[in-house]
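Take a look at the structure set out below.
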Amino acid sequence: MTGSEKSLAKGSPAPGPVSEETIRVYSMRFCPYAQRARLVLAAKGIKHEVININLKNKPDWFIEKSPFGLVPSLETSSGQVIYESPIVCDYLDEVYPGKKLTPVDPFQKAQQKMIVEHFSKISTLFYKILLAKKNNEDVSGVKAEVQEKLVKLDEILAKQNGLFFGGSDVSMVDYMIWPWFERLIIFDSKDCLNKTPHIDKWYQQMLQDPAVKATYIEPDLLLGFFKLYSQNDVEACDYGL
């Protein structure tokens, strides 16, 4: 991996062309969607360059690299741009050799996508918790919903043929949902794992995964970032640097 951790903000010049032997990912250190892409890049050992973007103060040129103004997005040496995290991750898995993270079997592939859809209902609730906390509102009702849905997800994991959501090895589905589990401390939901034994065991196994280790952010950094980000501090994206 090459690139600079410091994020580029409004007024920053656009980076030059992408070299032929690499691919560029536009990211933000604390973004769970961008971490999806970085997990896949790490898991497949893809040579890449990271350009971090200040999402509170984006450079004007960034809209050309990501029409929605979001991360992650990819840029190839031929100038092709790919954006939206599921599309980015599928592209990386299809184009680059090495371990395939997505099942070849159509039904197994569909199963993984359905699990991600199940989880999307939980991640939506996580952001409801953040909003409620910001407004000093009671979060017990939303947390109860999170717990209920995590228990159902735990039941799905229990039916898999192994420790992971795709079976005996880490696969795309695990990387698609991991970033939010890494951030459970922000969502005040780490205690929910006490009632989901299979997910708790999965969580501990994922912490040992090389790609997770390569992209992991310590809880104190996450908390410091979130405090600044929730205050609309334009320096939040560079917290800890």
Considering residues at least two apart in sequence or located in another chain, which fulfil the side-chain contact (heavy atoms from CB on, under 4.5 Å) criterion with [X]?
X	answer
Leu131	Asn135
Lys109	Thr102, Lys113
Pro219	Ile185, Tyr216
Gln204	Asp200, Leu207

Please report the interatomic distance [atom1]([X]) to [atom2]([Y]), rounded to the nearest 0.5 Å.
X	Y	atom1	atom2	answer
Gln205	Ile199	CD	CD1	14.5 Å
Leu70	Ile53	CG	CD1	11.5 Å
Leu55	Cys237	CG	SG	5.0 Å
Ser7	Asn54	OG	CG	4.0 Å
Asp238	Asn52	CG	CG	7.5 Å

Pairs in or reaching into [range]: which pass salt bridge (Lys or Arg N to Asp or Glu O under 4.0 Å), with residues at least two apart or in two chains?
range	result
residues 54-63	Lys10-Asp60
residues 91-100	Lys44-Asp93
residues 211-235	none
residues 157-179	none

* To do: Go through Ile23 and Tyr96 one step at a time and tell me if the side chain to side chain contact (heavy atoms under 4.5 Å, CB included) criterion holds.
  => CA-CA 11 Å; Ile23 192 165; Tyr96 286 88; 3.5 Å; yes
- Task: With side chain to side chain contact (heavy atoms under 4.5 Å, CB included) as the test, would you mind laying out the steps for Ile115 and Leu153 before giving the verdict?
- Result: CA-CA 8 Å; Ile115 290 171; Leu153 191 66; 4.2 Å; yes
Side chain of [X], backbone of [Y]: donor and acceptor closer than 3.5 Å?
X	Y	result
Gln147	Cys192	yes
Asp209	Val212	yes
Arg36	Ser85	no
His48	Ile46	yes
Thr22	Ser19	no

Kindly determine whether Leu163 and Lys201 satisfy side chain to side chain contact (heavy atoms under 4.5 Å, CB included), including the steps that lead there. CA-CA 8 Å; Leu163 291 172; Lys201 193 171 184 179; 3.7 Å; yes
Tracing side-chain contacts under 4.5 Å among Ile, Leu, Val, Met, Phe, Trp and Tyr outward from Val234 reaches none
**Asked** Do Phe181 and Phe119 pass the side chain to side chain contact (heavy atoms under 4.5 Å, CB included) test, and can you show the C-alpha distance, the side-chain angles, and the key distance before you say yes or no?
**Response** CA-CA 11 Å; Phe181 282 94; Phe119 179 74; 3.5 Å; yes
Tell me the ring pair (Phe, Tyr, Trp, His ring centres under 6.0 Å) pairs involving residues 22-41, sequence neighbours left out?
->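 Counting only pairs at least two positions apart or across chains, the ring pair (Phe, Tyr, Trp, His ring centres under 6.0 Å) contacts touching residues 22-41 are Tyr26-Phe62, Phe30-Phe225, Tyr33-Trp180.
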TODO: Would you list the pairs meeting ring pair (Phe, Tyr, Trp, His ring centres under 6.0 Å) in which at least one residue belongs to residues 63-95, sequence neighbours left out?
DONE: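 Passing the test, one end in residues 63-95: Phe68-Tyr83.
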Decide whether [X] and [Y] are clustered together by the hydrophobic rule: side chain heavy atoms of Ile, Leu, Val, Met, Phe, Trp, Tyr closer than 4.5 Å, transitively.
X	Y	answer
Val95	Ile82	yes
Val151	Phe126	no
Leu101	Met114	no

Closest non-hydrogen atoms of Cys89 and Met172, given as atom of the first, atom of the second and distance, are O-CE, 3.5 Å
Check: Does a donor on one side chain sit under 3.5 Å from an acceptor on the other, for Arg38 and Thr215?
Finding: no
Q. Does CD in Glu20 sit with more than 12 non-hydrogen atoms of other residues, nucleotides or ligands closer than 6.0 Å?
A.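 Not buried by this count: 12 neighbours or fewer within 6.0 Å.
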Checklist line | side chain to side chain donor-acceptor pair (under 3.5 Å) contacts touching residues 182-198 (sequence neighbours left out) | finding: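 The answer is Gln35-Glu182, Gln35-Arg183, Lys143-Asp191, Asp154-His198, Trp178-Glu182.
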- Only one of Thr76, Ile51, Val81 clears side-chain contact (heavy atoms from CB on, under 4.5 Å) with Arg24; which?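 Going through the options one by one, the only one that passes is Ile51.
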